[in-house]
Amino acid sequence: MHISHEAIYAALYVQAKGSLRQELEAVMNTQQVLIRGGTKRKPRARNAGILSRKPWVEGAEITTRSPDVDDRAIPGHWEGDLIIGKGGKSALITLVERTSRYTLLGHLPDEHSSETVVETLQAMVKDLDAEQLKTITWDQGVEMAATARVKIKDGCQVFFCDPRSPWQRPTNENTNGEIRRRFYAKGTDFKAITPEHVAWVQNELNETPRQILNGATPREILHEVFKRGANTA
C-alpha cells in the first residue's frame, strides 16, 4: 500500500479548522495539490459567484459554510449533484448525507432545468426535518440557479463549491462513481429507465453494508445518528 502526499493533505483538510485549515489551503493552492483524480486543483476564487455572474452562488460560497459541516460526527449535511444522461437531456439527481452515506435519488427523464431540479429536490426532502436536513453542498451548475429565489426547504442552507473542485463534495463524488459502476453506465438514457428502477437502485445503495461504516448500512447509520440526536435533545 502506498500513501501519497495528496491523500494526506485531503485527510487533514477534512478535519482541519482555524489556522491549520488556512495553512493547508495555502499549501494546496501553492503546490496545486491533486486531491482526487482529474486536473490539478486551481486556486480558489473568493469572489467566484460575482465574477462568473452566478447570482445563486454569491453569498453562498463554500467559504461561508460553517467549519462544523466538515465534521462527519454532525449529521444532517448533504452533498448533491446531477448525473447527466445520454445526449445531455435526461438526468439523475444524487443527494447523499455525509455522516451515514444515505442516498436519495431524483429521476429526471425529460430535462433538468433549474425549476425542475429544485422542484424535484423539494419533493425528495419533504419528509426530512430540520435536524436531518441542515445544509446541501452543490457545484456551481446552472441547474441550481433557482435557489437564488426559491428555498429547497425552510431551515436548509445551500452552499456552492469552488469552480472545478469536486473534491469539496467527496461523499457525493464517490456515490456517483458507485452508481456508474454498479447500475447506470456512462451514456445511460434515463428516459428509458423507470421510476421503479430508480427507487430500487436507491434502496440497494442504502442497504449495502459499507466498510467505511464498519459493516453497517447507510440506512442503519442514518437511523442510529438521528435516534441518538433525539434521545439527547
Side-chain angles (χ1 to χ4, degrees), residues 10-18 20-21 24 35-36 60-83 92-106 117-118 120-139 144 147 151-162 165-179 182 198-199 201-233:
L12 288 173
Y13 180 86
V14 169
Q15 299 298 327
K17 297 180 180 179
L20 175 57
R21 177 103 173 216
L24 287 169
I35 299 299
R36 295 184 76 247
E61 297 88 349
I62 195 170
T63 53
T64 67
R65 193 181 70 175
S66 170
D68 290 341
V69 179
D70 296 325
D71 189 348
R72 293 183 189 274
I74 302 176
H77 300 290
W78 300 68
E79 298 171 1
D81 195 16
L82 292 184
I83 295 178
L92 190 71
I93 297 176
T94 61
L95 196 62
V96 189
E97 203 275 325
R98 284 175 51 83
T99 300
S100 63
R101 277 71 171 180
Y102 188 87
T103 302
L104 295 174
L105 300 180
V117 169
V118 170
T120 304
L121 280 168
Q122 290 171 333
M124 290 167 62
V125 303
K126 63 182 178 63
D127 294 328
L128 300 177
D129 62 30
E131 286 302 307
Q132 296 169 329
L133 181 66
K134 299 182 179 77
T135 70
I136 295 175
T137 300
W138 206 276
D139 64 21
M144 292 295 276
T147 58
K151 291 183 179 180
I152 300 297
K153 192 169 186 176
D154 287 342
C156 173
Q157 293 180 283
V158 179
F159 294 95
F160 297 96
C161 300
D162 296 325
S165 300
W167 59 271
Q168 293 176 339
R169 298 178 293 102
T171 310
N172 183 254
E173 281 291 297
N174 289 336
T175 301
N176 289 352
E178 182 180 1
I179 291 171
R182 293 180 59 191
V198 172
V201 169
Q202 176 178 301
N203 188 66
E204 284 293 298
L205 290 168
N206 293 323
E207 292 295 339
T208 299
R210 306 293 178 92
Q211 183 176 0
I212 198 168
L213 300 176
N214 295 320
T217 69
R219 191 184 304 278
E220 289 170 340
I221 296 299
L222 187 79
H223 289 168
E224 177 186 332
V225 295
F226 288 118
K227 181 179 180 181
R228 185 172 64 219
N231 291 338
T232 59

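The residues of the chain are indexed from 1 along the displayed sequence.
Rounding to the nearest 0.5 angstrom, the gap separating the CG atom in L213 from the CD atom in E224 is 9.5 Å. Atom OG1 of T103 is separated from atom CG of N172 by 8.5 Å, given to the nearest 0.5 angstrom. Interatomic distance, OH of Y102 versus CD of Q202, reported as 5.5 Å (0.5 Å rounding). Considering CD1 of I221 and OG of S100, their distance stands at 7.5 Å, rounded to 0.5 Å. In this structure, CG on L105 lies 6.5 Å from CE on M124, to the nearest 0.5 angstrom. Atoms CZ and NE2, from R72 and H77 in turn, are 11.5 Å apart once rounded to the nearest 0.5 Å.
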side-chain hydrogen bond (donor to acceptor under 3.5 Å, both in side chains) between D81 and T94: does it pass, once the steps are laid out?
-> CA-CA 5 Å; D81 195 16; T94 61; 5.5 Å; no
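Pairing each heavy atom of Q168 with each of P170, the nearest pair is C-CD, 3.3 Å. Listed here is the closest heavy atom pair of T64 and F159: OG1-CE2, 3.5 Å. Residues L95 and G80 share a closest heavy-atom pair of CD1-CA, 3.9 Å. When all heavy atoms of I74 and T99 are compared, the pair lying nearest together is O-OG1, 3.4 Å. For the residue pair R182 and T208, the shortest heavy atom distance occurs at NH1-OG1, 3.3 Å. Nearest heavy atom pair, residue G215 against residue P209, reads O-CB, 3.3 Å.
Checked against side-chain contact (heavy atoms from CB on, under 4.5 Å), I212 has the following partners two or more places apart in sequence or in another chain: R101, R210.
Side-chain contact between F160 and T147 is present, with heavy atoms from C-beta onward closer than 4.5 Å. Inter-residue side-chain proximity for I179 and I83 is flagged as met; some heavy-atom pair is nearer than 4.5 Å. Looking only at side-chain heavy atoms (C-beta outward), L121 and I93 come within less than 4.5 Å of each other. When side chains are defined from C-beta on, C161 counts as touching R169, because their heavy atoms get closer than 4.5 Å. Two residues are said to be in side-chain contact when any heavy atoms from C-beta on lie closer than 4.5 Å; R219 and E207 meet this criterion. Counting heavy atoms from C-beta outward, E97 and P218 have side chains that stay 4.5 Å or more apart. Side-chain contact between I136 and C156 is present, with at least one heavy-atom pair separated by less than 4.5 Å.
A donor-acceptor contact shorter than 3.5 Å links the side chain of K153 to the backbone of K126. S165 contributes no side-chain N or O that, together with a main-chain N or O of W167, makes up a donor-acceptor pair within less than 3.5 Å. Side-chain N or O atoms of E79 include one that pairs as donor or acceptor with a backbone N or O of T171 at under 3.5 Å. Here the side chain of Q122 pairs a donor or acceptor atom with the backbone of K151 at under 3.5 angstrom. Within the 3.5 Å criterion, the main-chain N or O of L82 finds no donor-acceptor partner in the side chain of W138.
Using a 3.5 Å distance cut-off with no hydrogens or angles, the side chains of T217 and N206 do not pair a donor with an acceptor. A donor and an acceptor atom, one from each side chain of R98 and T137, are nowhere located under 3.5 Å apart.
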